[in-house]
Amino acid sequence: MTQISEKEAKSGIDKVVRALQKDGSAKKELGRLNKVTNILGYGSPSPGSLAVRFNASFQKGGMGRSAVPLPFGLGQSNESEGRGTMVGQVKAAIDMKTGKVTSCSVFRDLGYGRAFNLKV
């Protein structure tokens with residue numbers, strides 16, 4: 001069992017976030033990853049691998065803007081509201097030597113809904 005520092009875990013989480021933001025199927029299925037909300041845990045289950053688990057906020061469709069009409073026919077407002085956001089739990093494994101994400105799953109609805117598996 002190897003000790004993992006918080007810095008190593010943050011770097012691993014950043015790699016997973018970048019992989020999810022780049023992947024087209026992840027964007028289509030989950031939406032755009034906005035931010036990491038909570039880090040739930042990290043560690044090294046086997047030598048040379050880093051496991052991380054965190055909650056992330058995804059936003060899909062409509063850019064979270066409301067289409068409230070403005071008075072006097074001036075168009076629509078561009079107000080931000082929390083529409084289309086979903087928080088999913090991300091569970092990922094990273095190879096510490098190469099820095100590559102070896103597996104990544106995103107669980108929606110606290111694990112009771114469907115899961116999305118990132119193709120690596």
Side-chain angles (χ1 to χ4, degrees):
M1 220 28 133
T2 325
Q3 284 285 69
I4 301 295
S5 70
E6 192 172 338
K7 184 181 174 194
E8 288 173 309
K10 284 228 186 261
S11 132
I13 289 171
D14 289 342
K15 286 175 186 165
V16 174
V17 167
R18 276 195 299 279
L20 283 169
Q21 286 173 336
K22 272 196 250 177
D23 191 64
S25 61
K27 283 184 197 170
K28 186 178 174 193
E29 183 84 19
L30 303 165
R32 190 180 76 246
L33 195 153
N34 279 344
K35 63 180 176 184
V36 173
T37 52
N38 286 332
I39 296 173
L40 302 173
Y42 56 86
S44 181
S46 60
S49 79
L50 165 67
V52 292
R53 193 177 276 243
F54 58 93
N55 287 344
S57 173
F58 295 88
Q59 189 166 15
K60 196 171 187 179
M63 291 177 37
R65 305 282 182 203
S66 65
V68 179
L70 293 172
F72 310 116
L74 295 172
Q76 297 176 338
S77 73
N78 206 17
E79 272 179 48
S80 177
E81 57 178 52
R83 283 190 174 174
T85 57
M86 181 270 302
V87 174
Q89 190 176 104
V90 181
K91 175 185 169 189
I94 299 112
D95 186 342
M96 292 176 73
K97 285 189 177 119
T98 62
K100 299 236 184 229
V101 178
T102 55
S103 73
C104 178
S105 299
V106 181
F107 305 102
R108 309 184 222 191
D109 306 325
L110 301 169
Y112 295 109
R114 293 187 328 220
F116 171 79
N117 293 316
L118 182 69
K119 305 250 185 310
V120 286

Q: Looking at E29, is its backbone amide N or carbonyl O close enough to the side chain of K60 to form a donor-acceptor pair, meaning the two atoms are under 3.5 Å apart?
A: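 Yes: the side chain of K60 pairs with the backbone of E29.
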Q: Looking only at heavy atoms, what is the nearest atom pair of L30 and F58, with distance?
A: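 Heavy atoms of L30 and F58 come nearest at O-CB, 3.5 Å.
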Q: Give the minimum heavy-atom separation between A56 and T37, together with the two atoms involved.
A: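 Closest approach of A56 to T37, heavy atoms only: N-OG1, 3.9 Å.
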Q: Which residues pass the side chain to side chain donor-acceptor pair (under 3.5 Å) test with S105, sequence neighbours left out?
A: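 Counting only residues at least two positions away or on another chain, S105 forms a side chain to side chain donor-acceptor pair (under 3.5 Å) with N117.
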Q: State plainly whether one hydrophobic cluster holds both M96 and I39, where clusters connect Ile, Leu, Val, Met, Phe, Trp and Tyr through side-chain heavy atoms under 4.5 angstrom apart.
A: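 Same cluster.
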Q: About how many Å separate CG of L33 and CE of M86, when rounded to the nearest 0.5 Å?
A: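 M86 CE to L33 CG: 9.0 Å, rounded to 0.5 Å.
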Q: Apply the side chain to side chain contact (heavy atoms under 4.5 Å, CB included) test between V16 and each candidate in L118, V106, V90; give the one that qualifies.
A: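 With V16 as partner, L118, V106, V90 yield a single side chain to side chain contact (heavy atoms under 4.5 Å, CB included), made by V90.
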Q: Measure across V36 and F54 and return the closest heavy-atom pair with its distance rounded to 0.1 Å.
A: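 Where V36 meets F54 most closely, the heavy atoms are CG1-CD1, 3.8 Å.
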Q: For K27 and Q21, which heavy atoms make the closest approach, and how far apart are they?
A: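 In this case the closest contact between K27 and Q21 is CE-O, 2.5 Å.
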Q: Taking everything shown except K15 itself, do over 12 heavy atoms lie less than 6.0 Å from its NZ?
A: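 Count over threshold, so yes.
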Q: Please evaluate residues V87 and T85 with respect to the criterion side chain to side chain contact (heavy atoms under 4.5 Å, CB included), reporting the C-alpha separation (whole Å), side-chain torsions for both, the decisive distance (0.1 Å), and the verdict.
A: CA-CA 7 Å; V87 174; T85 57; over 6 Å; no
Q: Roughly how far, to the nearest 0.5 Å, is the CD1 atom of I94 from the SG atom of C104?
A: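 Answer for the SG-CD1 pair, C104 versus I94, is 8.5 Å.
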Q: Output the distance between atom NZ (K28) and atom CZ (F116), rounded to the nearest 0.5 Å.
A: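 The NZ atom of K28 sits 11.0 Å away from the CZ atom of F116.
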Q: Test your reading of the model: is there a side-chain donor-acceptor pair from N38 to the backbone of L40, 3.5 Å cut-off?
A: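 Checked: no pair found.
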Q: Work out which heavy atom in L50 is nearest to a heavy atom in E8; give both atom names and the distance.
A: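 Looking at all heavy atoms of both residues, the shortest contact is CD2-O, 3.7 Å.
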Q: On a heavy-atom basis, which atom in I4 and which in A9 lie closest, and how many Å separate them?
A: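 Smallest interatomic distance, heavy atoms only, reads CG2-N, 4.2 Å.
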Q: So do Y42 and E6 actually touch side chain to side chain, heavy atoms under 4.5 Å?
A: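 Yes - at least one pair of side-chain heavy atoms lies under 4.5 Å apart.
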Q: Can you check whether T102 reaches S49 side chain to side chain, under 4.5 Å on heavy atoms?
A: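 Sidechains of S49 and T102: no contact.
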